[in-house]
Amino acid sequence: YSWAGMSADREHGEIYAIYQGSVSVFNSVGMEIYQFGHDAALGHIIDVAPEQDGRILLLSSNRDKVSVLRCNYRGELKETLELKGVPPDFSLRPQRIVSRKGNIYLADLSGRKVVVTDSNGAFVDGYDIGAHLAKDEKPGTQNDLLGFNVDSDGNMLFTVPTIFLAFRMSRDHKIESFGGAGNLPGKFNVAGAIASDDKG
């Protein structure tokens with residue numbers, strides 16, 4: 001795989017790799033145990049988020065429209081999730097989806113916005129990350145997000161490689177950063193994906 005997307009199912013000890021619009025599932029010893037999406041029946045799969053109950057959420061692109069699909073553990077479509085109550089300011093084209101403790105996080109990396117819904121797609125909160133970053137940016141520049149994840153406490157983690165920083169944004173919209181350009185401990189070259197372990 002080259003530039004594959006990845007997602008972990010901690011409940012079942014499995015890794016999902018998204019590559020060229022399809023998904024491969026690997027068990028805890030690295031053996032590929034299942035594949036789905038290669039026939040394009042689910043559209044072009046952009047990202048995957050396992051839910052605690054074993055179901056799978058997919059971000060799928062089909063004819064320039066991005067949909068949130070809920071599938072069973074075999075990747076068989078069960079429903080298309082309709083997003084409800086999302087304010088016009090937070091209409092987005094997400095490239096990342098994360099499921100944490102009954103909430104769904106949809107991240108538009110280039111639009112620099114995140115929408116949080118409940119498990120049924122009803123709007124819970126919206127985060128304009130770009131507005132937080134704009135105050136430190138040079139006029140006329142926009143630094144896209146690259147990595148995006150959510151830790152076990154519901155804090156959003158993301159990276160901005162063009163400014164060599166990683167960020168943590170809390171549920172109450174407070175933001176902090178770490179890193180910076182350099183090769184010393186705690187500094188970054190190009191920061192990509194990001195995740196948090198159980199100790200934070």
Side-chain angles (χ1 to χ4, degrees), residues 1-11 13-21 23-26 28 30 44-50 57-59 61 66 89-90 92-101 103-116 125-200:
Y1 298 95
S2 178
W3 292 99
M6 291 181 65
S7 187
D9 183 348
R10 295 188 179 195
E11 301 292 324
E14 295 174 343
I15 296 291
Y16 292 77
I18 307 98
Y19 183 65
Q20 294 184 344
V23 178
S24 295
V25 185
F26 296 85
S28 59
H44 183 84
I45 299 171
I46 302 168
D47 200 14
V48 59
L57 293 170
L58 301 177
L59 266 185
S61 175
V66 176
D89 290 350
F90 283 96
L92 43 76
R93 186 178 176 85
Q95 297 90 36
R96 286 280 288 130
I97 185 170
V98 177
S99 174
R100 283 287 182 275
K101 295 183 177 178
N103 283 333
I104 300 168
Y105 296 75
L106 299 165
D108 184 335
L109 304 180
S110 55
R112 308 193 302 176
K113 292 184 178 182
V114 177
V115 163
V116 183
D125 205 350
Y127 297 81
D128 187 347
I129 293 171
H132 287 273
L133 300 180
K135 62 184 185 328
D136 298 319
E137 293 175 319
K138 295 178 181 177
T141 66
Q142 176 176 311
N143 300 292
D144 292 355
L145 313 184
L146 181 57
F148 178 84
N149 219 318
V150 181
D151 70 17
S152 58
D153 294 323
N155 300 306
M156 291 178 294
L157 311 170
F158 53 93
T159 61
V160 183
T162 51
I163 55 176
F164 310 100
L165 291 173
F167 295 83
R168 180 186 293 112
M169 179 176 268
S170 65
R171 288 178 292 179
D172 58 0
H173 296 245
K174 292 179 181 174
I175 191 169
E176 58 183 332
S177 66
F178 55 94
N183 56 10
L184 297 174
K187 301 295 183 181
F188 299 132
N189 183 1
V190 176
I194 186 168
S196 172
D197 67 14
D198 292 334
K199 297 179 181 178

Asker: Measuring from S177:OG to F164:CZ, what's the distance to the nearest 0.5 Å?
Answerer: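 So the gap between those two atoms works out to 14.0 Å.
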Asker: Considering residues, nucleotides and ligands other than N183, do more than 12 of their heavy atoms fall under 6.0 Å from its CG?
Answerer: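 Open: at most 12 neighbouring heavy atoms sit under 6.0 Å from CG of N183.
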Asker: List the atom of G180, the atom of L165, and the distance in Å for their closest heavy-atom pair.
Answerer: N-CD2, 3.5 Å
Asker: Restricting to non-hydrogen atoms, name the atom on A17 and the atom on F26 that form the minimum distance, rounded to 0.1 Å.
Answerer: CB-CE1, 4.0 Å
Asker: Specify the closest pair of heavy atoms between D151 and D153, including all atoms of both residues, with the distance to one decimal.
Answerer: OD1-N, 2.9 Å
Asker: Hey, does Q95 have a side-chain heavy atom less than 4.5 Å from the side chain of D108?
Answerer: yes
Asker: Using 0.5 Å steps for rounding, measure from the CD1 atom of I97 to the CZ atom of F148.
Answerer: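 Nearest 0.5 Å value for the CD1-CZ distance: 10.5 Å.
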Asker: Could you pull out the closest heavy-atom pair between Y19 and S2, with the gap in Å?
Answerer: CE1-O, 3.3 Å
Asker: Between CG of N149 and OG of S7, what distance do you get to the nearest 0.5 Å?
Answerer: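 Reported value, rounded in 0.5 Å steps: 7.5 Å.
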Asker: About how many Å separate CZ of R93 and CD1 of I46, when rounded to the nearest 0.5 Å?
Answerer: 6.5 Å
Asker: At what distance, to the nearest 0.5 angstrom, does CZ of R171 lie from CG of D125?
Answerer: 10.5 Å
Asker: Of all the heavy-atom pairs spanning T141 and K138, show the shortest one and how long it is.
Answerer: OG1-O, 2.7 Å
Asker: The test is side-chain contact (heavy atoms from CB on, under 4.5 Å); show your working for L146 and T159 and say whether it passes.
Answerer: CA-CA 6 Å; L146 181 57; T159 61; 3.9 Å; yes
Asker: Hey, are the side chains of E137 and V160 touching, using non-hydrogen atoms and a 4.5 Å cut-off?
Answerer: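 No, their side chains stay 4.5 Å or more apart.
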Asker: Which atoms form the tightest heavy-atom contact between A49 and S99, and what is the distance?
Answerer: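 Smallest interatomic distance, heavy atoms only, reads CB-N, 3.8 Å.
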Asker: Between K101 and S152, is there a donor-acceptor pair closer than 3.5 Å when you use the side chain of the first and the backbone of the second?
Answerer: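 Present.
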Asker: Does the separation of the ring centres of F167 and F158 fall below 6.0 angstrom?
Answerer: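 Yes: the rings meet the under 6.0 Å criterion.
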Asker: Considering the options M156, H132, R168, which one meets the side chain to side chain contact (heavy atoms under 4.5 Å, CB included) requirement together with I175?
Answerer: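 By the side chain to side chain contact (heavy atoms under 4.5 Å, CB included) criterion, I175 pairs with just one of M156, H132, R168: H132.
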Asker: Flag yes if more than 12 heavy atoms outside K199 fall under 6.0 Å of its NZ atom; otherwise flag no.
Answerer: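 No - once you tally the heavy atoms of other residues, nucleotides and ligands closer than 6.0 Å, there are 12 at most.
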Asker: For the pair R96 and D47, find out whether any cationic side-chain nitrogen is under 4.0 Å from an anionic carboxylate oxygen.
Answerer: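 Result for this pair is yes, salt bridge flagged.
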Asker: Rounded at 0.5 Å granularity, tell me how far CD1 in I129 sits from CG in N143.
Answerer: 13.0 Å
